[in-house]
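Sequence lines set the chain letters: A, B, ... in the order given, protein chains first and strands last, and positions in each chain run from 1.
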Amino acid sequence: MSQLELSEQEQFRRKALEELRKAGIDPYPAAEFVTNVSTTEIKENFKPEKKKYQDVSIAGRIMNRRIMGNASFAEIQDDKGRIQIYLRRDDICPGDDKTLYNHVFKKFLDIGDFIGVKGFVFITQTGEITIHAKELTVLSKCLRPLPIVKEKDGKIYDGVTDAEFRYRQRYVDLIVNPKVKQVFVKRTRIIDSLREFFNSRGYLEVETPILQPIPGGAAARPFITHHNALDIPLYLRIADELYLKKLIVGGFDGVYEFSKDFRNEGMDRMHNPEFTVMEIYVAYKDYMWMMDFTEEMIEKVALDINGTTKIKYGNEEIDFKRPFARKTMLDTIKEYTDVDITGMDEKQLREVCDTLGIETDETMGKGKLIEQIFDEKCEPHLIQPTFIMDYPVEMSPLCKKHRKDPELTERFELIVNGKELCNAYSELNDPIDQKERFLEQLKLSEKGDDEAMFIDQDFLRALEYGMPPTAGLGVGIDRLTMLLTNQNSIRDVILFPTMRPEK
RNA sequence: GAUUCUGUAGCUCAGCUGGUAGAGCACAUCCCUUUUAAGGAUGGGGUCCUGGGUUCGAGACCCAGCAGAAUCACCA
């Protein structure tokens, strides 16, 4: 980029950079700057009578400056927060040479630059905890004007709100919007909390392939790529289910993975092409056990993150206190539509859909039709955490048939705010049954269902060696984060959401 | 993929019925040793998303495109 293409403000900052160098100051010094405190630590603990923090060293980004001649106030921001700095010319320049204040601080530094400050903490006349600077060190020059967001009594002035700007330049969003940073801190805490829950029960975190020759474990359109050395197509995983079950076959009794999955489908406020799912599989358990486990897990995470089981999400108040409601899918459909679809065949179900005003097409089998009825007529009403149990067998090709009714499966989903949050099975471990279910999927695929599952021969081979009865659970981490941080879009809980490239 | 809305200074936004491009913050210059959204004064800064069209004249109107957001469809 030539000098001519730079904005006026960028040119001024580049000029200041050169002036710093001329003054013998390296604008990008290599040496460590040792700090001994953070902004928030001072603000939380400083008491004027205690004589604490009389020799502090702190580093951060300049976010505000008020120059009053030979004394100035600045605010610097570190990882934790902000604090005000008081700079007096004769304090940071004790000798005759006043360059550091008159030129370096006043002329060559800007909002956005990183500085290090050594000094003591005091309270100003207006009552603000402030660091009185004795030394000032330039740590890094900022060459672009940083948007200035101001706040007074909770009111934001000149906020950076443009969604495109925020997502594309997330680094700026994080600098100027502290609430955004908090969301991502919470996201990590959620994952920490889950991990702690699993580890404390002795389950093992594992890593399974992202590049898979057959994308298994879910019904979805995959991304495809090519491996040059092997000269084969590879798919980005859509789920890690089959690999984790192979590990149960291999003798691990409890395994889990935080899995970045990829689906080549539509994008909207609930869907990003890459997203995170936690899947866990525990041997010798069933879906009833897993329901208790899920309840306990969700309640714990809510408490760990927000200190309460109650959350506000949009206009709803949701309570994650145990126990959650438990209903079968067929009962729920009866409850919301007054239709008992128990034992109906495909033709009858199609008629029910017509009466209820649900669109159908020829590629839809029995399972898909029931799913449509549930998704349209029931799911949106389920705001409080609700387990929906016993899905039709056609909808769940990897799930064990119900112990009491072969038309159903031992499956539950946890619905919160009208959306699926968790999905769990008594895992199908009968290799003959599994093969038949895969063949059913193949028929659906031939009928035109482009989401039907592929047949994974290696998975069938593993099951033939024997898999103990196993309960499995998947949790949408992005959606869980959205709920616990009250965010309306998945893009607000993913640091760098997928965007069309610029220009 | 469909529909609607949006795109003007570094940021947030005005811009009338089509008639010389505006404000606040930021930036620059000068003054000021306890200010806080904010010290005071003065000043500079624009590919009005892009390309066509209508018009004497387009930031505004029309067409096409690009990018984003919301809603819907599919999916978690």
Side-chain angles (χ1 to χ4, degrees), chain A residues 5-13 15-16 63-75 82 84-92 101 106-107 110-112 122-130 132 142-169 172 176 218-221 238-239 259 261-277 279 359 361 368 371-372 375-376 413 415 419-423 449-451 474-480 482 488-491 497 499-503:
Chain A
E5 292 171 68
L6 295 175
S7 73
E8 187 189 38
Q9 292 196 45
E10 287 171 303
Q11 291 181 40
F12 279 127
R13 282 164 181 254
K15 213 188 286 169
M63 297 305 286
N64 196 345
R65 284 197 308 169
R66 295 180 286 276
I67 296 174
M68 325 278 300
N70 292 328
S72 300
F73 290 92
E75 276 176 73
R82 286 191 190 185
Q84 179 168 265
I85 308 293
Y86 176 60
L87 296 108
R88 207 153 57 172
R89 186 193 64 191
D90 297 340
D91 288 331
I92 64 168
Y101 184 82
K106 281 170 71 171
K107 306 277 182 202
D110 291 286
I111 287 173
F122 75 112
I123 294 186
T124 64
Q125 288 173 3
T126 51
E128 175 110 2
I129 295 174
T130 302
H132 188 132
C142 168
L143 294 180
R144 284 173 181 266
L146 192 64
I148 310 298
V149 178
K150 289 169 178 174
E151 195 190 333
K152 164 95 170 178
D153 302 329
K155 197 174 173 205
I156 307 278
Y157 299 81
D158 302 320
V160 173
T161 53
D162 180 69
E164 184 175 0
F165 182 96
R166 291 184 43 231
Y167 298 146
R168 287 196 194 279
Q169 298 187 53
V172 177
V176 302
R221 279 162 56 199
I238 55 174
S259 172
D261 292 346
F262 306 86
R263 297 190 185 174
N264 205 342
E265 292 169 348
M267 295 166 65
D268 59 35
R269 51 175 274 273
M270 299 302 290
H271 300 88
N272 195 64
E274 54 180 294
F275 61 105
T276 305
V277 174
E279 290 192 40
E359 280 184 39
D361 64 63
K368 200 95 182 169
E371 188 181 1
Q372 283 298 314
D375 286 355
E376 292 213 13
E413 288 193 356
I415 313 290
K419 298 277 180 202
E420 173 190 344
L421 181 63
C422 303
N423 182 21
D449 184 345
D450 60 356
E451 288 166 359
V475 181
I477 296 300
D478 307 288
R479 288 185 178 180
L480 179 61
M482 286 168 68
N488 187 43
S489 167
I490 195 168
R491 297 183 145 199
M499 302 284 282
R500 207 180 286 274
E502 291 177 80
K503 266 149 224 160

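Residue side chain A:F12 fails the stacking definition with respect to B:A28, as its ring centre and the base's six-membered ring centre are not both under 5.5 angstrom apart and under 30 degrees in plane angle.
Look at B:U71: its Watson-Crick or wobble partner, with both distances under 3.5 angstrom, is B:A2. Searching all strands for a Watson-Crick or G-U wobble partner of B:A28 with both distances below 3.5 Å returns B:U42. Judged by Watson-Crick or G-U wobble contacts below 3.5 Å, the nucleotide B:A64 has B:U50 as its partner. In this structure, B:C13 and B:G22 make a Watson-Crick or G-U wobble pair, each of the two defining distances being under 3.5 angstrom. With a cut-off of 3.5 Å on both pairing distances, B:A76 has no Watson-Crick or G-U wobble partner at all.
Below the 3.5 angstrom threshold, one finds a donor paired with an acceptor across the side chain of A:Q9 and the base of B:A26. Put simply, the side chain of A:T126 and the base of B:U34 share no donor and acceptor less than 3.5 Å apart. For A:T124 and B:U35, a side-chain-to-base donor-acceptor distance below 3.5 Å is present, hydrogens and geometry of angles not being considered. A:E128 contributes no side-chain N or O that forms a donor-acceptor pair with the base of B:U35 under 3.5 Å. Between the side chain of A:D162 and the base of B:G68 there is no donor-acceptor pair of N/O atoms closer than 3.5 Å.
When each of B:C27, B:C74, B:G68 is scored by its nearest atom to the side-chain atoms of A:Q372, the top-ranked nucleotide is B:C74. Of the listed nucleotides (B:C11, B:C74, B:A69), B:A69 has the atom at the smallest distance from the side chain of A:R491. In the set B:U12, B:C27, B:G10, the nucleotide with an atom closest to the side chain of A:P145 is B:G10. Of the candidates B:U29, B:A38, B:U34, the closest approach to any side-chain atom of A:F122 belongs to B:U34. Side-chain proximity of A:A163 to B:G68, B:C30, B:C11: nearest is B:G68. Listed nucleotides B:A67, B:C30, B:A76 differ in distance to A:I490; the shortest reach to its side chain belongs to B:A76. For A:V160, taking side-chain heavy atoms from C-beta onward, the closest of the listed nucleotides B:U33, B:C11, B:C27 is B:C11.
Between B:C62 and B:U54, the distance separating the two C1' atoms is 7 Å to the nearest Å. Across the C1' atoms, B:A2 and B:G19 are found 39 Å apart, a figure rounded to whole Å.
Note on A:G159: only backbone sugar-phosphate atoms sit closer than 4.0 angstrom, heavy atoms only; bases stay farther off. Here A:E420 lies in heavy-atom contact (under 4.0 Å) with sugar-phosphate atoms only. Nucleic acid contact for A:N264: none, since no nucleic acid atom lies under 4.0 Å from a heavy atom of the residue. A:R221 comes within 4.0 angstrom of no nucleic acid atom, judged by non-hydrogen atoms across all strands. The residue A:A220 sits apart from the nucleic acid: no heavy atom pair falls under 4.0 Å.
Separating the CD1 atom of A:I415 from the C1' atom of B:A76 is a distance of 11 Å, rounded to the nearest angstrom. A:M63 has its CE atom 15 Å from the P atom of B:C11, to the nearest Å. Rounded to whole Å, the distance from CZ on A:R66 to P on B:U35 is 10 Å. Taking atom CD on A:E151 and atom P on B:U12, their separation rounds to 17 Å, with Å as the unit. Between A:F262 atom CZ and B:A76 atom C1' there is a gap of 14 Å when expressed in whole angstrom units. Protein atom CD of A:Q11 is 17 Å distant from nucleotide atom C1' of B:U29, rounded to whole Å. Between A:D268 atom CG and B:C74 atom C1' the separation is 9 Å, expressed in whole Å.
Residues A:Q125 and A:N64 both approach RNA chain B. Their nearest nucleotides, taken by heavy-atom distance, put A:Q125 toward the 5′ side. With RNA chain B read from its 5' end, the first of the two nearest nucleotides for A:A71 and A:F165 is the one closest to A:F165.
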